[in-house]
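So the structure is just underneath, and the comments pick up after that.
Indexing begins at 1, ligand by ligand and atom by atom, following the structure's order. We count residues from 1, following the sequence as given.
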Amino acid sequence: MITLRANAKINLSLDVLGKRKDGYHELDMVMQSVSLFDTVTVAQAHGIRVSMDVPGVDEQRNTAYTAAKAFCEITGCDGASIAVQKRIPSEAGLGGSSADAAAVLIGLNHLYQTNLSDETLSAIGVKIGADVPFALTGGTVRAGGIGEKLRPFTLGKPLHFVIVKPHAGVSTPQAFAAFKKASPIRMDSVQYALTAGDLSLYHKYADNALGMAALSLSPDIMRAADALKKAGARKAMMSGSGSAMFAVFASARQASEAAARVSGDFEHVGAYACAETGVQIMEDEA
Ligand code: C5P
């Protein structure tokens with residue numbers, strides 16, 4: 001049995017470059033793993049079983065199941081018994097289901113000692129979800145393609161975050177369907193600002209091209225943004241296709257003080273730090 005920590009991500013900035021013939025969108029993003037995580041336990045079994053500690057999750061229609069099925073088909077392995085302790089809110093743009101899938105792939109690769117390469121895991125992962133390749137790697141990354149082309153870089157200074165998720169979520173396909181092209185985001189400047197550790201410059205250039213589309217689907221996003229600004233955030237940013245909003249702070253203390261000042265009725269409010277990986281093995285009893 002193996003226990004893994006599956007970290008959430010935020011999009012420090014996200015631009016949509018265009019639509020591909022297969023319906024997916026070409027993106028240019030800066031992605032960051034954060035210290036909000038699901039705990040995923042994977043054990044060898046005959047057949048695939050998935051249990052989650054949240055109501056309403058179909059045992060077979062979730063990314064943990066899909067990941068295990070794809071892994072077993074490719075490697076010929078018997079199956080897996082998977083338990084997920086969910087902390088990352090769903091329909092939030094925080095990559096929770098991608099993180100779970102990545103943890104299952106890494107967990108099974110360890111348990112069955114199949115030694116699939118990072119490239120193979122990524123190729124399996126991208127078919128499960130566009131954010132899975134990032135979730136397999138994690139850290140701080142400039143991502144292109146549909147999210148699978150990853151160029152890691154190093155932050156000039158560590159960052160801290162407050163994440164606020166309204167009760168209403170946003171469906172990713174609906175957000176992309178509602179997307180209308182606006183002016184391009186200066187992603188090179190965002191990456192430069194983060195590399196230089198210049199938060200003022202980061203706040204000047206960072207944006208999320210899916211913001212207006214998500215807002216049209218879930219007006220509660222504005223309440224989360226207002227709550228963050230009232231709590232002392234310089235700028236409220238949306239992660240992925242929403243509905244989670246976040247703000248960036250220079251220290252853990254600033255972030256935890258701001259999180260304590262967030263008032264209003266939200267599904268999730270918390271202060272987090274950067275995580276260096278997408279998935280971390282916590283316990284390996286294999
Ligand atoms: O791959 P994932 O399951 O995360 O994507 C969900 C949906 O979001 C896709 O079916 C597609 O409609 C949209 N999407 C997109 N372009 C991306 C990622 C997702 O259009 N790069």
Side-chain angles (χ1 to χ4, degrees), residues 6-34 36 38 40 50 52 56-58 60-71 84 86 88-105 121-138 141-151 165 168-182 184-185 187 190 207-218 221 238-244 278-279:
N7 290 322
K9 59 84 181 165
I10 55 173
N11 297 88
L12 286 169
S13 197
L14 185 160
D15 201 6
V16 180
L17 304 181
K19 194 171 177 181
R20 305 197 319 189
K21 286 200 183 105
D22 65 2
Y24 270 83
H25 291 76
E26 285 284 326
L27 305 175
D28 186 359
M29 312 182 270
V30 175
M31 306 175 85
Q32 174 65 57
S33 300
V34 296
L36 165 64
D38 289 346
V40 180
V50 177
M52 297 212 186
V57 180
D58 185 291
Q60 296 195 355
R61 292 184 59 184
N62 62 74
T63 53
Y65 182 92
T66 315
K69 190 159 176 279
F71 183 90
V84 183
K86 290 287 307 168
I88 308 170
S90 300
E91 295 211 313
L94 296 172
S97 60
S98 300
D100 298 345
V104 167
L105 293 176
L121 291 178
S122 177
I124 301 171
V126 75
K127 293 193 189 128
I128 301 164
D131 286 339
V132 178
F134 170 76
L136 286 161
T137 321
V141 165
R142 178 87 174 262
I146 64 167
E148 85 288 13
K149 291 183 186 150
L150 308 176
R151 278 173 290 150
K165 157 78 175 40
V170 170
S171 128
T172 303
Q174 281 181 23
F176 275 103
F179 165 76
K180 289 194 185 72
K181 185 75 193 151
I185 296 167
M187 293 297 298
V190 172
D207 206 347
N208 185 328
L210 293 170
M212 293 310 285
L215 193 58
S216 72
L217 298 167
S218 180
I221 288 174
M238 191 178 84
S239 187
S241 53
S243 63
V279 175

Of all heavy-atom pairs between N7 and A99, which one has the smallest distance, and what is that distance?
-> O-CB, 3.3 Å

Identity and separation of the nearest protein heavy atom to atom 13 (C) of ligand 1 | F176 CD1, 3.4 Å

The protein heavy atom nearest to atom 7 (C) of ligand 1 is P173 CG, 3.9 Å

Starting at CE of M29, measure out to CG of D131 and round the result to the nearest 0.5 Å.
-> 5.5 Å

Would you check if Q32 and V30 make a side-chain contact, meaning some heavy-atom pair closer than 4.5 Å?
-> no

Distance filter under 4.0 Å to I146 heavy atoms, resulting ligand 1 atoms | 21 (N)

Does A130 reach ligand 1 with a nitrogen or oxygen that is under 3.5 Å from one of the ligand's nitrogen or oxygen atoms?
-> yes

Please work out whether any backbone atom (N, CA, C, O) or any side-chain heavy atom from C-beta onward of L27 is under 4.0 Å from ligand 1, and answer side chain, backbone, both or neither.
-> side chain

Out of curiosity, L105 CG to I128 CD1, how far, rounded to the nearest 0.5 Å?
-> 5.0 Å

Which heavy atom of the protein is the closest neighbour of atom 5 (O) of ligand 1, given with residue, atom name and distance?
-> Y24 OH, 3.8 Å

First locate atom CG of N208, then atom CG of L14, and finally report the distance between them rounded to the nearest 0.5 Å.
-> 4.5 Å

How far is atom 8 (O) of ligand 1 from its nearest protein heavy atom, and which residue and atom name does that atom have?
-> T172 CG2, 3.2 Å

For ligand 1, find out whether one of its N or O atoms is nearer than 3.5 Å to an N or O atom of H25.
-> yes

Can you measure from NZ (K165) to OG (S90) and round to the nearest 0.5 angstrom?
-> 7.5 Å

For G23, the ligand 1 atoms with a heavy-atom partner under 4.0 Å come out as 20 (O)

NZ-CG distance between K149 and L27, expressed to the nearest 0.5 angstrom | 11.0 Å

